[in-house]
Number of protein chains: 2
Amino acid sequence: MSDLLERLRTRGWRLTAQRRVVAEVLEGDHVHLTADEVHARAAQRLPEISRATVYNTLGELVNLGEVIEVSTDHRAKRYDPNAHRPHHHLLCARCGAIRDVHPVGNPLADLPESERFGFSVSEVELTYRGICPDCTV
Amino acid sequence: MSDLLERLRTRGWRLTAQRRVVAEVLEGDHVHLTADEVHARAAQRLPEISRATVYNTLGELVNLGEVIEVSTDHRAKRYDPNAHRPHHHLLCARCGAIRDVHPVGNPLADLPESERFGFSVSEVELTYRGICPDCTV
DNA sequence: ATCCTACAATGGACGAAGTCCAAGTCAAGT
DNA sequence: ACTTGACTTGGACTTCGTCCATTGTAGGAT
């Protein structure tokens with residue numbers, strides 16, 4: 001993940017303690033934290049970090065294409081660091097758990113010309129919903 | 001659309017002027033208004049209607065399955081009265097225009113067992129993004 | 001036609017999520 | 001080590017939405 005920091009530094013990022021901590025907090029697979037959760041975890045390592053900085057940093061990471069914004073439920077946005085392997089999401093309707101998934105096939109091809117209304121369609125986002133094993137019990 | 005009101009009345013809905021106006025505002029195809037937009041339009045016909053009532057009514061319509069909540073961008077929820085014909089959404093990344101679309105194929109079948117993580121998957125939501133004809137110019 | 005009452009509407013306070021900004025701080029090039 | 005422009009801070013502010021005590025009314029009962 002210091003790959004990430006390296007990559008950002010060569011893009012002109014000033015490497016501050018705050019940004020380092022935010023990037024560290026986002027490490028891992030199936031990570032989908034809200035901005036407040038990122039702030040809480042970052043604050044454990046760097047107590048003075050402000051909410052504004054967390055929002056700024058997350059926003060920059062999104063703009064740079066290093067993190068993806070996901071709005072699963074209708075509440076706070078979540079931040080997904082798995083930006084380099086395209087994927088979709090599966091979420092538990094009961095507890096809100098989120099997993100990254102890779103369906104086969106290309107849904108972009110499934111939208112007939114007659115259903116495009118003259119749009120140039122470039123992206124598709126899929127969200128599966130269900131009940132996770134923990135909630136099925 | 002008085003079908004809708006009729007249907008609701010037989011389900012025990014008390015038919016008030018406010019609810020009637022909200023239902024009327026939602027008439028039509030490709031309608032995806034925010035709660036505030038619904039309130040503004042309803043207020044043209046019934047100036048005293050309150051925001052709280054609009055929120056309540058929209059929430060009830062969603063619970064009754066007569067209206068679908070859509071969160072396209074990460075801003076206000078939108079309300080889609082086209083609840084009886086399953087569909088997905090196509091939206092313009094520039095101006096936010098939304099169209100109802102009906103892709104062929106079933107994305108539920110495209111999620112392999114190995115990608116289900118033990119979930120019982122029951123629903124899938126598709127959002128296409130692109131640029132609409134008006135914004136392409 | 002009028003009365004009753006449970007259900008609905010009101011509006012203002014509250015809360016969560018996020019943005020903005022002026023002032024202070026600091027990373028990194030020289 | 002100096003300098004400077006980029007970064008951070010914290011608090012005020014905005015937007016979207018919920019809650020609640022009070023007031024009003026739809027529609028069944030009389």
Side-chain angles (χ1 to χ4, degrees), chain A residues 2 5-25 32-43 45-64 66-80 96, chain B residues 2 5-25 32-43 45-64 66-80 96:
Chain A
S2 56
L5 294 175
E6 200 50 48
R7 233 180 301 142
L8 295 173
R9 215 157 60 80
T10 65
R11 290 212 232 170
W13 244 40
R14 187 174 286 187
L15 201 37
T16 68
Q18 290 84 346
R19 287 173 168 181
R20 210 186 315 262
V21 168
V22 168
E24 281 168 17
V25 163
H32 307 89
L33 299 170
T34 65
D36 266 352
E37 287 165 355
V38 171
H39 178 245
R41 298 192 188 193
R45 308 191 193 189
L46 190 69
E48 332 81 73
I49 194 170
S50 72
R51 285 185 349 110
T53 295
V54 170
Y55 276 106
N56 287 341
T57 305
L58 289 172
E60 288 155 10
L61 288 169
V62 170
N63 284 337
L64 293 169
E66 298 288 348
V67 164
I68 290 170
E69 246 176 33
V70 184
S71 59
T72 52
D73 51 9
H74 304 256
R75 326 213 63 207
K77 294 178 213 169
R78 293 181 172 275
Y79 293 88
D80 181 344
Chain B
S2 56
L5 293 174
E6 200 49 48
R7 233 179 302 140
L8 295 173
R9 215 158 59 79
T10 65
R11 290 212 232 169
W13 242 41
R14 186 176 286 187
L15 201 39
T16 68
Q18 290 84 348
R19 286 173 170 181
R20 210 186 317 260
V21 168
V22 169
E24 281 169 17
V25 164
H32 306 89
L33 299 170
T34 64
D36 266 351
E37 287 164 355
V38 171
H39 178 245
R41 297 191 187 195
R45 308 191 194 187
L46 189 67
E48 334 80 71
I49 192 170
S50 71
R51 285 186 345 111
T53 294
V54 171
Y55 275 105
N56 288 340
T57 304
L58 290 172
E60 287 154 11
L61 288 169
V62 169
N63 284 337
L64 292 169
E66 298 289 348
V67 164
I68 290 169
E69 246 177 32
V70 184
S71 59
T72 52
D73 50 8
H74 304 257
R75 325 215 61 207
K77 295 177 211 168
R78 294 181 171 275
Y79 293 88
D80 181 344

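Reminder, nothing fancy here: chain letters follow the sequence lines and each chain counts from 1.
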* **L46(B) and E48(B), any side-chain heavy atoms less than 4.5 Å apart** => yes
Kindly indicate whether the side chain of W13(A), heavy atoms from C-beta on, has any atom under 4.5 Å from the side chain of L64(A). yes
Out of dG17(D), dC7(D), dA6(C), minimum distance to the side chain of R14(B) belongs to dA6(C)
Ranking dT15(D), dG18(C), dT9(D) by distance to the side chain of Q18(A), first place goes to dT9(D)
Ranking dA8(C), dC7(D), dT19(C) by distance to the side chain of R19(A), first place goes to dC7(D)
Subject >> Side chain proximity check, T16(B) to T57(B), heavy atoms < 4.5 angstrom >> reply: no
Side-chain atoms of E48(B) come closest, of dA8(C), dC16(D), dT10(C), to dT10(C)
Rounded to whole Å, CZ of R75(B) lies from C1' of dA16(C) at a distance of 15 Å
Expected list for residues 49-58 of chain B near DNA chain D, using heavy atoms below 4.0 Å, is R51(B), A52(B), Y55(B)
Rounded to whole Å, the NE2-C1' distance (H39(B) to dT10(C)) equals 10 Å
Rounded to whole Å, the CD-C1' distance (E60(A) to dT8(D)) equals 11 Å
note: W13(A), atom CH2; dA6(D), atom C1'; distance rounded to Å ~ 13 Å
Exercise. Checking salt bridge (charged side-chain N to carboxylate O under 4.0 Å, His left out) for the pair E66(B)/R11(B): CA distance, chi angles, key distance, verdict?
Worked result: CA-CA 12 Å; E66(B) 298 289 348; R11(B) 290 212 232 169; 3.1 Å; yes
Worksheet item: Side-chain contact, heavy-atom cut-off 4.5 Å: V25(B) with E37(B)?
Response: no
L33(A) atom CG is separated from dA17(C) atom P, nearest whole Å, by 14 Å
